Every structure is written in C-alpha cells, then in structure tokens.
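Structure first, commentary second.
The figures here come from the full heavy-atom set of this structure, side chains too, leaving out hydrogens, waters and symmetry mates. Every value quoted in this text rests on a predicted model; they were computed, and no experiment measured them.
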Amino acid sequence: MNNLHTDQQNLDAILTEVKQQGINYLNHIHERSTASSGNVETVINLNEEGIGAKNTMAQFNQRFEPIMVASSGPRYWGFVTGGTTPAAIAGDWLATIYDQNTQSANGNGDVSAKIELETIQLLLSLFNLPKDFFGGFVTGATLSNFTCLAVARQWIGKQMGKDFAREGISGNVKILSATPHSSAIKSLSMLGLGSSNVIQVNVLQGNREALDVADLELKIQALNGEPFILISSAGTVNTVDFDDFEAINVLKDKYNFWWHIDAAFGGFAACSPKYKHLLKGWENADSITVDCHKWLNVPYESAVFFVKEKHQLLQVETFQNSNAAYLGNPLENFSYLNFLPENSRRLKALPAWFTLTSYGKQGYQDIVESNVEMALQFADFINENSNFELLAPVRLNTVCFSLTDENLVTTFLNKLNASGKVFLTPTFYNGKKGIRAAFVNWRTSASDVKSVTTTMLQILTEL
Ligand SMILES: *Cc1c(COP(=O)(O)O)cnc(C)c1O
C-alpha cells in the first residue's frame, strides 16, 4: 500500500496527533524560548517512496520543532508581531480543511467570497468606518499598500489623460509623504512608480513623526495643480505617530490628490473610545491598509485593503484578468480576481470571521486597551531606571527606548534576546540607536512585563 492510501485510512490518528501537539504547544507557549538555538542540516534529496505523514511528523518534531521560537507568545515584542486567538486558529484550520478557491459570491460553483465580503463588513463595523469602502484580503500590509497604490496609480494616470494599466506608465508621478513605512516604498518600486519619486514632507517639530500639514500645503502648491498621491501614516513603527487626518481633510477639499492611509496596526485605535480620536477624519481617505496578522491576532498571512467604492472601475482596470473569456465580464459577475493581485487564493477571511464573531467589539477593545496598558507599564519602568531613556513618548502600544549610554545598546540587546525570555528589535530614531517593544499580542500580561524588566535588570549587571 502506498503512503497516501495509508494516510487516508489513518486520517483520524494523524489529525488527533496534530491537535494534541497544538494544544501542548499553546498551553506551554509562556515557557517556550523566544530565541532560536541550534541549527538543522538541509535535506536536498527527496526520497522515492515518501515516509508517510506519521513519520514525517516525527521528523518535523525531531529536526525543526525544538528550535521553533514562541513568536506567537506573550513576550515576542519585536517588529509588530501579533498572536492567534483560539477562534482564529479554529477558522484557520477550517480554511485549510475546506480548501476553497475564494473568488466569487454568486454561487457558480463557489460562494466562499460571501464570507470574505461579510468579514469586510464586520471589519468596517469594528473600525467604525462608513460602508462606502470595498475591501478584500491579501497576504499582508505590504500587499495591501501595493493594492491600494496600484489603484492610486490608475487614478493618477486618468488625471493625466492616460490608462497606465493598458499603456504602461509614462510621465512623472508625484508622491508626497513624511514617514512612509518601508513597504510603501517597496510597493512604489514594484508598481513602477519609482521609490525615489517621493517628495519628502517635513515632520512636525518636537520629537514627532507626523507630517507637518503647513509644509504639506507648501509642497502641494509647488506642484502647480499637478495631481499627486499622498501616503499618510496611522501609526508609524518607531513611535506610533499619526498624521492629522482632519487637517488633511481640509486640503482634500482644496486640492486634487489620492489619499492613502497606512493604518497597518494603528487602525485598531478605532476599537477604543480612549484612542479613536487619533483616527478622526480617516474615513475620507481613498484607500486604507490594515493588517490582520498584527492586532487582530489571526495567523499569518492576513491583511485587508479598503478602497472607496467610487473607485471600483479604476480597481477593475488595474486588476482585471481580462483575457480569460471563461471568467466573464468583471463588472457583471463579481469575482475577487478582478480586484486584487492574486487569482487563486485561500479563504483568508475565515480566521478573521471566526475571531470577530467570537469576541466582538468588546473583545477587541479589551485587547487594544490591555496592550496599551502593558506598553505604559513598560514605559514606566524605562522612565524610572536611570540606565534607560525613552526616545519618544508612548502614544499607543509601542515603547521606543535606548540606554543612556548609547554604546551599550547593541550588547545589551543581544544579551537580552539571547536570554530567550523576550524578543525585541533594534531601531534608529532621532539620530540614536534604540530598541522597540511593540505590544500587540492578546496574551501579554502584567506578569510578562514584570518578568522582562527583571531580566533586563539582571543583564545590566552583566554589561
Ligand atoms: C507591518 C507594517 C507593514 C507591512 O506589513 P506586512 O504585514 O509585514 O506586509 C506596513 N505598514 C506598517 C505601518 C506596518 O506596521
């Protein structure tokens, strides 16, 4: 009997083992190291017959599992790393088991996009955004920025009397931004818009990363009425600063531009009455990026784009899979493949649908407020210890700090990360080497903050 046939008969045992291992992993995630130790030899030849799922699992457990880090655990504070809620895991497993190719919502052999369209509505509701946005799922905020800026590209072409999607790009497209995320710049490269075509807008005085609206207006006026794309930030990665969206609204009434907001994680400020003021006015953007594998706490790979419905024709012009006659007219038969980069795609919305439905608005308000509270507690520790200093005030969920003696930053961070008790990432801010701690995991508690600060004090004594 071949291995595939045997596995089919042993499906129950295989999945039971996976489930048990998953439970063990998640129940002990607090104890698992955040630092990888050891290495594995790479296998370069595939064996002839295969070894079956049971032996493959044993091999995985022997070679890879012991060195997997607790990146979805409560003390993985590097980058902006979310975890996974129980309901999100359930939805993710089912997305794999049902294995839909999510395209259409019309019942012609596939209705899975109905779930995706509904999930977009639930997210708009979570964020208190109006219903005149069309949205969909992509793999991450990078691809969401790419998708939004691709529609922006088509829009600006039209302003110049061109159809960039058909003709290719020509002329000089102007992009304005103050502190764009690296992935927005990468998207400009991928889109042929040119990463060096960004006109730098000044940031506000006084340790800010938000754009200076007065300077923005000067730079707009220098364009003499040329259309442009504005990339603004709802949460910069270093100091979680937000551009002033109400002020941008005023400019939007006066000048002709596409307004994109990268709200990858900062968009979740909308979940809390305490922090939603940071986003005031964002609902008038032409497009918005939000990551789900960060603060929504669903597994990788998950993010959404929101593009105003009035731009749907531009979106279809950009993404339509038009030379495949059997796929039909994109405007008559809705299919996601005419609205975003991928054609075949997994039911990415299902984990998000599960977690949103399970925990509701209150659940996400609690996660956001608790994470911000943990950031503030950690910042208190930094403030109270003369060996450390904050590089910026804590505006939401990230603490950007340094050592008073900047020369010790790298050694300190390497030792701290090697402890396996916490993982933090280095940064460079305001001309100084720094360290970032980002709080976006629903599991993180005050006792995690306490144990990290204890480890930090210990490492200070070893420098
Ligand atoms: C994380 C992040 C991105 C990129 O997101 P990926 O999910 O890694 O593709 C873009 N913008 C901001 C503000 C982010 O924090």
Scan Asn145, Thr142, Asp262 and name whichever one has a side-chain hydrogen bond (donor to acceptor under 3.5 Å, both in side chains) with Thr289.
Asn145
Indicate whether the side chain of [X] and that of [Y] have a donor and an acceptor atom separated by less than 3.5 Å.
X      : Y      : value
Gln21  : Glu17  : no
Asn61  : Gln59  : no
Asp110 : Ser112 : yes

Between [X] and [Y], is NZ or CZ placed under 6.0 angstrom from the six-membered ring centre and within 45° of the ring axis?
X      : Y      : answer
Lys280 : Phe245 : no
Lys252 : Phe257 : yes
Arg345 : Phe137 : no

Identified side-chain contact (heavy atoms from CB on, under 4.5 Å) partner of Phe242 from the options Leu211, Leu279, Thr236
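Of the listed residues Leu211, Leu279, Thr236, the side-chain contact (heavy atoms from CB on, under 4.5 Å) partner of Phe242 is Leu279.
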Would you mind checking if [Y] and [X] are paired as a salt bridge, meaning a charged N to carboxylate O distance below 4.0 Å?
X      : Y      : answer
Asp366 : Lys361 : no
Lys310 : Asp132 : no
Asp286 : Lys308 : no
Glu65  : Arg32  : yes
Lys162 : Glu167 : no
Glu301 : Arg346 : no

Tyr300: which residues meet the ring pair (Phe, Tyr, Trp, His ring centres under 6.0 Å) condition with it, sequence neighbours left out?
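Counting only residues at least two positions away or on another chain, Tyr300 forms a ring pair (Phe, Tyr, Trp, His ring centres under 6.0 Å) with His293.
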Non-neighbouring partners of Phe164 that pass ring pair (Phe, Tyr, Trp, His ring centres under 6.0 Å), sequence neighbours left out:
none
Asp163 and Gln154: side chain to side chain donor-acceptor pair (under 3.5 Å), yes or no, with the steps?
CA-CA 7 Å; Asp163 183 340; Gln154 187 66 0; 2.7 Å; yes
Given Lys131 and Glu309, is the salt bridge (charged side-chain N to carboxylate O under 4.0 Å, His left out) satisfied, shown in steps?
CA-CA 9 Å; Lys131 299 295 188 188; Glu309 262 166 9; over 6 Å; no
Is there a side chain to side chain donor-acceptor pair (under 3.5 Å) between Thr318 and Arg153 once you walk through the steps?
CA-CA 9 Å; Thr318 308; Arg153 182 183 73 179; 5.8 Å; no
Take Asn3 and Glu49, measure what side chain to side chain donor-acceptor pair (under 3.5 Å) needs, and give me the verdict at the end.
CA-CA 8 Å; Asn3 283 309; Glu49 312 268 315; 5.9 Å; no
Just do the side chain to side chain donor-acceptor pair (under 3.5 Å) check on Trp295 and Asn371 with the steps written out, would you?
CA-CA 10 Å; Trp295 230 344; Asn371 282 153; 2.7 Å; yes
Can you name the residues that form a salt bridge (Lys or Arg N to Asp or Glu O under 4.0 Å) with Lys254, not counting sequence neighbours?
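Scan of Lys254 (salt bridge (Lys or Arg N to Asp or Glu O under 4.0 Å), adjacent residues dropped) gives Glu217.
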Whether over 12 other heavy atoms sit under 6.0 Å from Lys186 NZ
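Atom NZ in Lys186 is not crowded, with 12 or fewer foreign heavy atoms closer than 6.0 Å.
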